[in-house]
Amino acid sequence: MFKKIFALVLVIVMIVGMVGCGDKNKLPEYENHEFEISAFWAPYDISEKGLQQYKDAGFNTLAMINHSLDKDSDNQFYLGSNRTMTALKNCKKVGLKAILNYNDWIATWAENDENYYSETPFSQYDVYGEYKDIIVGIHIVDEPKQEHIDRFSDKAFIDDFKKTYPNAKYIVNLIPEYASASAYDFDTYEDMWDIYNKEILSKFETNRISSLDFYYFYARDNGKRKVGIMKNFDQFAKFAKNNNTSQTFIMQSSVTNEFDSTLSEGDIRLQANMSMAFGADAMQYYCYSVPFSINEDDEKEYMYDYCIMTQDDKPSDVYNHVKKVNAEAQALAPAILSYKWQEATAVPGISNVMQVGEYYDMSDGKFEKTKHYKNVQGTENVVMSRFTSDKYGEAYMLVNFAERELDNTVDLIMKECETLAIYGGVGFNGTPKIVELDKDGKCQINLAYGEGVFIVPLK
């Protein structure tokens with residue numbers, strides 16, 4: 001009898017032990033979120049084959065933006081155009097969502113279409129009924145001046161949009177911090193945000209969006225990121241958080257004399273990881289196809305040497321970089337999109353200390369509030385962001401912000417947890433790595449250039 005009781009107790013102890021161990025490393029069960037990923041300057045080939053190639057690079061949304069082709073209904077994306085309808089039909093066939101183009105450029109082309117700038121263009125050209133389930137937004141204007149915000153904040157215009165496309169985003173892409181605010185008729189950069197918020201964003205209760213393009217790799221910067229990148233991303237993320245908007249980051253995928261002559265896989269990965277580290281809900285690349293114009297000799301003059309596609313409209317090396325990075329981002333999406341961005345900090349590396357000014361006011365490596373994070377230090381520069389969820393608690397994003405192509409060995413110290421689930425990284429396929437902290441809460445994480453990981457403390 002004693003042996004039976006002892007055996008039963010032993011079994012119970014073993015079961016309790018196993019359950020306890022399981023609880024310690026139990027992973028959160030996230031919903032199947034995904035990033036909206038598109039490319040500004042749409043494919044020239046909008047056949048099923050052309051859009052399938054676009055989709056194969058990891059894009060799930062077609063942004064119908066370009067004005068290189070002939071200025072007519074068959075070749076231009078605008079409300080009511082044949083090209084828009086053709087693209088929507090093929091998007092439906094291959095499984096892409098769509099961002100339509102209102103096309104503020106068309107005023108110079110539509111000689112016989114005086115009503116295009118009516119107060120109600122969306123209902124006037126409401127011909128996409130069977131495709132509204134895949135239309136997720138309409139691009140209204142890019143890098144607007146004050147006069148454009150005045151025009152596109154018109155109440156009748158916005159009311160017509162909301163009535164015709166109640167589930168779509170009203171997309172206004174704003175200028176980056178390094179652009180001259182005065183050139184866009186704003187007193188300051190902060191003034192632009194205030195005006196956009198007051199005149200446009202405040203008129204939307206849902207589908208609120210803020211969009212920003214910030215290009216990292218300029219030839220005139222000798223290949224280095226602009227000093228203001230941390231400031232701009234921090235301001236942008238705080239604006240989105242404080243005003244309850246989703247965020248779209250537009251990233252560089254073009255090379256030419258204006259930009260650097262090459263973009264590596266790490267360059268693309270850095271941009272995607274920095275976007276996610278500052279709370280991106282959507283990412284867009286500039287450009288997919290290579291924009292061109294026709295000179296007076298009737299010859300094509302290309303704006304860039306190549307983009308995701310080449311001037312011959314073939315996949316470039318960047319296509320393959322983007323395809324790999326997009327797959328990593330979508331594998332991370334269920335985890336990171338289950339949380340809300342709260343704040344970010346940055347720490348200069350031991351071996352390559354950057355000036356504090358390049359980090360804005362974020363160079364102390366601390367957060368205003370944190371439950372699990374204590375400290376971080378890399379051999380190179382790092383960015384650390386904090387996210388929260390009512391359901392899942394705190395999580396963090398860590399990005400190697402080193403100079404180009406430099407690896408980074410990062411020492412991370414945490415508290416009130418013993419185990420971390422590490423999501424993301426080069427080649428990430430959705431399965432996190434489980435890392436045990438030492439007795440002092442420390443672990444070491446090695447990151448390649450541009451690599452980022454999402455860190456979930458486990459109970």
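This structure is a prediction, so every number in the text was calculated from the model and none was measured. Below, each value reflects all heavy atoms present in this structure, side chains not excepted, and no hydrogens, waters or symmetry copies.
In terms of the salt bridge (Lys or Arg N to Asp or Glu O under 4.0 Å) criterion, Lys162 has no residue partners (sequence neighbours excluded). Remark: Lys366 pairs with no residue by the salt bridge (Lys or Arg N to Asp or Glu O under 4.0 Å) rule, at least two apart or across chains. Remark: Asp133 engages Lys92 in a salt bridge (Lys or Arg N to Asp or Glu O under 4.0 Å) (not counting sequence neighbours).
In this structure, a donor-acceptor pair under 3.5 Å is absent between the side chains of Tyr189 and Tyr184. Donor-acceptor pairing under 3.5 Å is recorded for the side chains of Tyr396 and Thr370. Using a 3.5 Å distance cut-off with no hydrogens or angles, the side chains of Asn326 and Gln330 do not pair a donor with an acceptor. Ser38 and Gln284 share a donor-acceptor pair across their side chains, judged by distance under 3.5 Å alone. Looking only at atom types and distance, the side chain of Thr388 has no donor-acceptor partner in the side chain of Glu394 under 3.5 Å away.
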message: Walk me through whether Ile455 and Ile422 qualify under side chain to side chain contact (heavy atoms under 4.5 Å, CB included).
response: CA-CA 5 Å; Ile455 300 167; Ile422 309 293; 3.8 Å; yes

query: Do Tyr423 and Ile336 pass the side chain to side chain contact (heavy atoms under 4.5 Å, CB included) test, and can you show the C-alpha distance, the side-chain angles, and the key distance before you say yes or no?
result: CA-CA 9 Å; Tyr423 295 77; Ile336 194 169; over 6 Å; no

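Ring geometry for Tyr286 against Tyr304 counts as perpendicular: the plane angle is over 60°, on a 0 to 90° scale with 30° as the lower cut. By the 30° and 60° cut-offs, the orientation of the rings of Tyr170 relative to Phe204 is tilted. Note: Phe239 and Trp193 have tilted aromatic rings, judged against thresholds of 30 and 60 degrees for the angle between ring planes.
Taking a 6.0 Å sphere around CD of Gln444, one finds it holds more than 12 heavy atoms contributed by other residues, nucleotides or ligands. Around atom NZ of Lys203, more than 12 heavy atoms belonging to other residues, nucleotides or ligands sit under 6.0 Å away. With a 6.0 Å radius and a threshold of 12 heavy atoms from other residues, nucleotides or ligands, Asp440 has its CG atom above the threshold. The 12-atom threshold is exceeded at NZ of Lys241, counting heavy atoms of other residues, nucleotides or ligands nearer than 6.0 Å. The number of heavy atoms from other shown groups lying within 6.0 Å of NZ (Lys415) is above 12.
Ring pair Phe249/Phe236: centre-to-centre distance below 6.0 Å. Between His139 and Phe40, the ring centre distance stays below 6.0 Å. Aromatic ring centres of Phe292 and Tyr44 lie closer together than 6.0 Å. Annotation: Phe161 is in aromatic contact with Phe122 [ring centroid separation under 6.0 Å]. Centroid-to-centroid, the aromatic rings of Phe214 and Tyr178 come within less than 6.0 Å.
With respect to Lys97 and Glu34, a salt bridge is recorded, a charged nitrogen being found less than 4.0 Å from a carboxylate O. The pair Lys238-Asp234 counts as a salt bridge, with a side-chain nitrogen and a carboxylate oxygen less than 4.0 angstrom apart. We find that Asp267 and Arg404 are joined by a salt bridge, their nearest charged nitrogen and carboxylate oxygen being less than 4.0 Å apart. Classification of Asp438 and Lys442 as a salt-bridged pair fails, no side-chain N sitting under 4.0 Å from a carboxylate O.
Just one residue in the list Asn408, Asn400, Thr409 forms a side chain to side chain donor-acceptor pair (under 3.5 Å) with Thr379, and that residue is Asn408.
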